[in-house]
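Report on the structure given below.
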Amino acid sequence: MNRGIYSVATSMKTLLELQSVLANNLANVNTPAFKQEIPVLSPAGDVPLAQWDANRGAVAEVGALGMGVYQGEHRIDLSQGPLEATDDPLALAISGDAFFVVQTPEGERYTRNGSFGRDAAGYLVTHHGYRVLGEDGAIQLPDGDVSIDPNGVIWAGETRVARLALVRFADPTALQRVGQGLFAGQNPQPVPEGQVTIQQGYLERANVDVSSALITMMTALKTYESNQKLLKVQDETMKRLLDLGRV
């Protein structure tokens with residue numbers, strides 16, 4: 001394949017993937033505690049160029065041809081999102097680097113989305129119905145109002161009901177997104193009281209930088225259009241060369 005066409009095609013494919021990631025970030029801007037993905041671009045490497053040197057009777061290197069960039073893995077940006085006040089007493093937000101723990105059919109999973117509710121049996125559950133875990137298992141709330149202090153301790157009046165299980169990870173970059181606002185991770189470490197703060201009646205918003213994402217999308221679109229024109233030029237050049245070869 002023509003290396004120029006290959007480089008342009010690689011760039012266009014990368015730009016499409018970039019647009020897809022940014023569009024997904026923007027689509028989740030209203031999802032509580034959504035963590036945006038950062039595309040990581042890597043150089044595709046260089047191909048050495050050489051020509052036959054008739055005087056020396058050998059091949060001589062004349063430089064290298066860059067093959068553009070490709071999009072590797074996506075990095076999840078786990079930075080804190082802004083907090084927003086709600087009227088819901090079971091809306092909880094974490095200030096700090098911890099995660100709530102929930103029980104799913106696939107095992108324990110982790111989330112920053114504290115949009116919780118109470119199921120028919122009185123258990124504290126996520127928006128998708130998964131039970132939220134405390135330090136002693138699933139949390140069954142008593143009838144009536146409860147208050148949740150900054151340490152994650154749930155109170156019914158003067159009675160301590162439970163404390164939310166809060167964990168953190170030595171390497172949060174190893175967390176895997178598994179859908180429904182949940183992450184899977186290895187070796188979660190419990191967070192002692194006082195090291196993070198729970199805010200009752202608040203939700204963490206998505207950490208998507210809308211302005212930056214839109215600017216990047218516009219830049220990527222213009223670059224894609226430029227590459228389209230360049231690809232057309234390369235194609236026409238190749239066609240002329242083939243026509244010359246038939247003469």
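All heavy atoms count here, side chains included; hydrogens, waters and symmetry mates do not. Quick caveat, the model's predicted, so the values are computed rather than measured.
Listed by first and then second residue, the ring-ring contact (aromatic ring centres under 6.0 Å, His included) pairs that reach into residues 148-182 are Phe99-Phe169, Tyr110-Phe169, sequence neighbours excluded. Sorted by first and then second residue, the side-chain hydrogen bond (donor to acceptor under 3.5 Å, both in side chains) pairs involving residues 131-140 (not counting sequence neighbours) are Glu135-Arg163. Within the structure, the salt bridge (charged side-chain N to carboxylate O under 4.0 Å, His left out) test picks out the following pairs touching residues 202-215 (sequence neighbours left out): Lys35-Glu204, Glu84-Arg205, Arg112-Glu204. Sorted by first and then second residue, the pairs that involve residues 112-147 and meet ring-ring contact (aromatic ring centres under 6.0 Å, His included), not counting sequence neighbours, are Phe100-Phe116. Identified under the side-chain hydrogen bond (donor to acceptor under 3.5 Å, both in side chains) test for residues 222-232, with sequence neighbours left out: Ser11-Asn227.
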Are Val153 and Ile148 close enough, and set up right, to give a side-chain contact (heavy atoms from CB on, under 4.5 Å), and what steps lead you there?
CA-CA 5 Å; Val153 178; Ile148 300 161; over 6 Å; no

Does Val101 form a side-chain contact (heavy atoms from CB on, under 4.5 Å) with Leu166? I'd like the steps, not just the answer.
CA-CA 6 Å; Val101 184; Leu166 299 170; over 6 Å; no

Test Ser147 against Gln200 for side chain to side chain donor-acceptor pair (under 3.5 Å), laying out the working first.
CA-CA 8 Å; Ser147 62; Gln200 184 178 17; 5.3 Å; no

Assess whether side-chain contact (heavy atoms from CB on, under 4.5 Å) is satisfied between Leu214 and Leu26, documenting all intermediate values.
CA-CA 9 Å; Leu214 289 174; Leu26 290 172; 3.8 Å; yes

Is there a side-chain contact (heavy atoms from CB on, under 4.5 Å) between Leu133 and Val102? Walk through the geometry before answering.
CA-CA 5 Å; Leu133 298 185; Val102 301; 5.8 Å; no

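Here the closest heavy-atom approach between residue Gly194 and residue Asn151 is recorded as N-OD1, 2.9 Å. Among all heavy-atom pairs drawn from Pro188 and Val167, the shortest one is CB-CB, 3.8 Å. The shortest heavy-atom contact between Ala206 and Pro82 is O-CD, 3.7 Å.
Side-chain N or O atoms of Thr219 include one that pairs as donor or acceptor with a backbone N or O of Ile215 at under 3.5 Å. Formation of a donor-acceptor pair under 3.5 Å by the Asn25 side chain with backbone atoms of Glu37 is found in this model. Listed for the Thr104 side chain is a donor-acceptor partner under 3.5 Å among the backbone atoms of Gly107.
Remark: Glu193 CD to Ile198 CD1 distance equals 11.0 Å, nearest 0.5 Å. Atom CZ of Arg177 sits about 10.5 Å away from atom OG1 of Thr111, to the nearest 0.5 Å. Rounded to the nearest 0.5 angstrom, Leu78 CG and Ile38 CD1 are separated by 10.5 Å. Of the inter-residue distances, the one linking Leu164 atom CG with Leu92 atom CG reads 6.0 Å to the nearest 0.5 angstrom. Between Leu221 atom CG and Leu22 atom CG the span is 11.5 Å, to the nearest 0.5 Å.
Side-chain contact between Val125 and Val132: absent, with no pair of heavy atoms (C-beta onward) separated by less than 4.5 Å. Counting only heavy atoms from C-beta outward, the side chains of Ile94 and Thr197 never approach each other to under 4.5 Å. By the 4.5 Å heavy-atom criterion applied to side chains, Ser79 and Asn207 are counted as neighbours.
Following chains of ILVMFWY side-chain contacts shorter than 4.5 Å, one can reach Leu124 starting from Val191, so the two form part of one hydrophobic cluster. Tracing side-chain contacts under 4.5 Å through hydrophobic residues (I, L, V, M, F, W, Y), one never reaches Phe34 starting from Val178; they form parts of separate clusters.
Inspection of the Ser115 and Asn113 side chains reveals no N or O donor paired with an N or O acceptor under 3.5 Å. With hydrogens and angles left out, the side-chain atoms of Gln80 and Ser95 include no donor and acceptor closer than 3.5 Å. With no hydrogens or angles considered, a side-chain donor-acceptor pair links Gln36 and Asp77 at under 3.5 Å. A donor and an acceptor atom, one from each side chain of Thr86 and Asp88, are nowhere located under 3.5 Å apart.
Counting side-chain heavy-atom gaps under 4.5 Å among Ile, Leu, Val, Met, Phe, Trp and Tyr, the cluster of Leu83 also holds Tyr202. Apart from Leu203 itself, the hydrophobic cluster it occupies contains nothing, where clustering links Ile, Leu, Val, Met, Phe, Trp and Tyr at side-chain heavy-atom distances under 4.5 Å.
Contacts of Arg118 classified as salt bridge (charged side-chain N to carboxylate O under 4.0 Å, His left out), with partners at least two apart in sequence or in another chain: none. Here Arg75 pairs with nothing under the salt bridge (charged side-chain N to carboxylate O under 4.0 Å, His left out) rule; sequence neighbours left out. Listed by chain and number, the residues in a salt bridge (charged side-chain N to carboxylate O under 4.0 Å, His left out) with Asp97 are Arg168 (sequence neighbours excluded). In this structure Arg109 satisfies the salt bridge (charged side-chain N to carboxylate O under 4.0 Å, His left out) test with no other residue, sequence neighbours excluded. Asn24 meets the side chain to side chain donor-acceptor pair (under 3.5 Å) test with Asn28; sequence neighbours excluded.
By the 6.0 Å contact criterion, CD on Gln186 is open, its count of non-hydrogen atoms from other residues, nucleotides or ligands being 12 or less.
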